[in-house]
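Order of listing sets the numbers, starting from 1, for every ligand and every atom in it.
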Amino acid sequence: MRRIAFLSVLLSVLVFATRAPAHAQQPAASTAQIPPTETNPTWWKNAVIYEIYPRSFQDSNGDGIGDLNGITSRLDYLQKLGVNAVWLTPIYPSPQVDFGYDISNYEAIDPQYGTMADFDHLVAEARKRHIGIVMDLVLNHTSDQHPWFKESASSRTNPKADWYMWRDPKMVNGHREPPNNWISDFGGSAWQWDPARQQYYYHEYYVQQPDLNWNNPQVRKAMYDVARFWIRHGVIGFRLDAITSLFEDPQDRNEPYILGPDGKPRIDAFGDKEVEDIYTDDLPEVHDVLRQLRQVTDEASGGKAVLIGETYLRSIADLRKMYGAGNDELQLPMDMQVGFINKLDVPLFRKRINDAETKLGGDEPLFVFDNHDNPRWDRYQLNAEGAPDFGYRPYHDDIGRVIATVLFASRDTAMMYYGDAIGMVTTPPTRKEDVRDPIGIRGWPKEKGRDGERTPMQWNAGPDAGFSPPGIKTWLPIPPSYRTVNVAAEEREPDSMLRWYQQIMALKKDDPALHEGEEMMLNTADDHVLSWLRKAPDGEAVVVACNFTAQPQTVSLNLAAQGVQGTHLKTLIKTPGAPDPAALDLQLGPYGVYVGQVSQDRR
Ligand code: NOJ
């Protein structure tokens, strides 16, 4: 089953009304120094990690594809935003079947993104701005063009014969069949016949992405050496791709089918019978690898490198295991359970955030709402039928403020995606012939692929949105929204999405309660407004309230229940145009947000 969360959304009908014009109250963006990653071993706690999809961030050489020098030229923007670390999706040499997630050399840079000297320059320039670089480490599979796979496929006896998952066919009535019913996340059987070896190999993703055999100690050593190599080049951590999928059932058992209401197996967007991935995902063997890898990265980096996991898991209990019983595995497994709820459901958000606060044993949650595999946060905006609406509609910015506030005003490390801060909208292709992501080509029209969330960054209203030099054909089209949704315009506009992000991110960094204070839910019987309290070690208390509905709401905050004294609120940030609260009573407009410090008087 494809572990890309969005497809599971089932949403209720919401009706939109037009909102009143907004006037902002504007706290200044922070000018404080970001704590340096290189001297602080727990720099990643309460930090902001910004994902860049390098193809789409900034093209410096006019080939229509973003590159490393382009990223370096935009570091000032990231520093001003308040970013602590940048996660780069893969920039290694690759045939680009899966746009870099099919790696053919783990210790070099793909020429279309630049050179190793460009990379070192990026790391050095980022460091000057107190920004660390996090590499994407793809451990589960390589490209079929990697020399390891070519050698492995060359015979059953070569030195790397056992580096990948090779299996004999199952013979049924004299016919050759794959060993079992496992399916690829990207469509079709997960087994590919190799005529030279007369065997199948396993690929969780594309045919061109064969899975490595992690039971082989040589594979482990080779990959641990890759991690050491990049730490020597100054990276401050790794995002571990598909990390829960490293191991498969040693007995190759069939996975159970997921049945529909008619009792028959459900069919996915690719036409395959859906299976529950109990034998191909989250097997316990992965923990041994995580402990080893953590030792390697701790040793090579002096304890400063962070391991971030791509961890779409079934429950908070499963997530907790990824930190390791002795806190010796991942520092930051991604919590996909909050950000990918995919509907503004107050009780569900309350429960999941509270679970992260109380059921991770005090470990740091990593919340994430957006990445290069899922529609952007505008998926939370629904049309009259209750389906996601990617257009630029009346409540777009209001919902964006809600999402940004949940992300940055919770006790968490926050992961954001390029374009989020300006409110870039998901722009899926409308014709099959325009699709670039192979899963969109294979799954069209039910599965349109991931191009919609990978469009070029919108820097300004000029030609090519400032992404490429004027007149260049960019690798994906620039969405029409760039004329108004862009960095330059939003820097000028006091009520813009970008200004909200700058301010709420500055509060996360500078306000002690919002930076590190414990978190407690307030008014827990309210199904319309999610409100919570952050309490700093020195006693400073801040309340946060987000209206999850299109109707105005009134809230009387019950602070006494959390043992907090206070009769008034001092506004830190609120939806443009909203009134200041009277005592502890808030008036929130449609999708209105309020953040304020608790005080004993009116000052
Ligand atoms: C997860 C990555 O985020 C996605 O983009 C990629 O296609 C798969 N893993 C396979 O590497």
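- For atom 7 (O) of ligand 1, the closest heavy atom belonging to the protein is Asp98 OD2, 2.5 Å.
- When non-hydrogen atoms are compared, ligand 1 lies under 4.0 Å from the side chain of Arg454 (C-beta onward) but not from its backbone.
- The closest approach between any non-hydrogen atom of Phe186 and ligand 1 is below 4.0 Å.
- Distances from ligand 1 to the non-hydrogen atoms of Arg239 include at least one value under 4.0 Å.
- For the pair Arg197 and Trp166, the cation-pi test (distance below 6.0 Å, angle within 45°) is passed.
- Near Tyr205, the atoms of ligand 1 lying under 4.0 angstrom from a non-hydrogen atom of the residue are 8 (C), 10 (C).
- Set against the non-hydrogen atoms of His141, the atoms of ligand 1 under 4.0 Å away are 10 (C), 11 (O).
- A salt bridge links Arg376 to Asp420: at least one charged side-chain nitrogen sits closer than 4.0 Å to a carboxylate oxygen.
- Heavy atoms of Glu204 found under 4.0 angstrom from ligand 1: none, in either backbone or side chain.
- Close placement of the Tyr202 and Trp191 rings is indicated, their centers lying within 6.0 Å of each other.
- With respect to atom 2 (C) of ligand 1, the closest heavy atom belonging to the protein is Asp241 OD1, 3.1 Å.
- Scanning the protein for heavy atoms near atom 3 (O) of ligand 1, the closest one is Asp373 OD2, 2.5 Å.
- A salt bridge is absent between Arg442 and Glu447; no separation between the charged side-chain nitrogens and carboxylate oxygens falls under 4.0 Å.
- For Phe57 and Trp459, the gap between ring centers is short of 6.0 Å.
- Note: Phe149 and Tyr164 meet the aromatic proximity criterion, with ring centroids under 6.0 Å apart.
- Taking the six-membered ring for Trp, His203 and Trp182 have ring centres at least 6.0 Å apart.
- Atoms of ligand 1 found under 4.0 Å from any heavy atom of Arg450 (numbered from 1 in listed order, with element): 4 (C), 5 (O), 6 (C), 7 (O).
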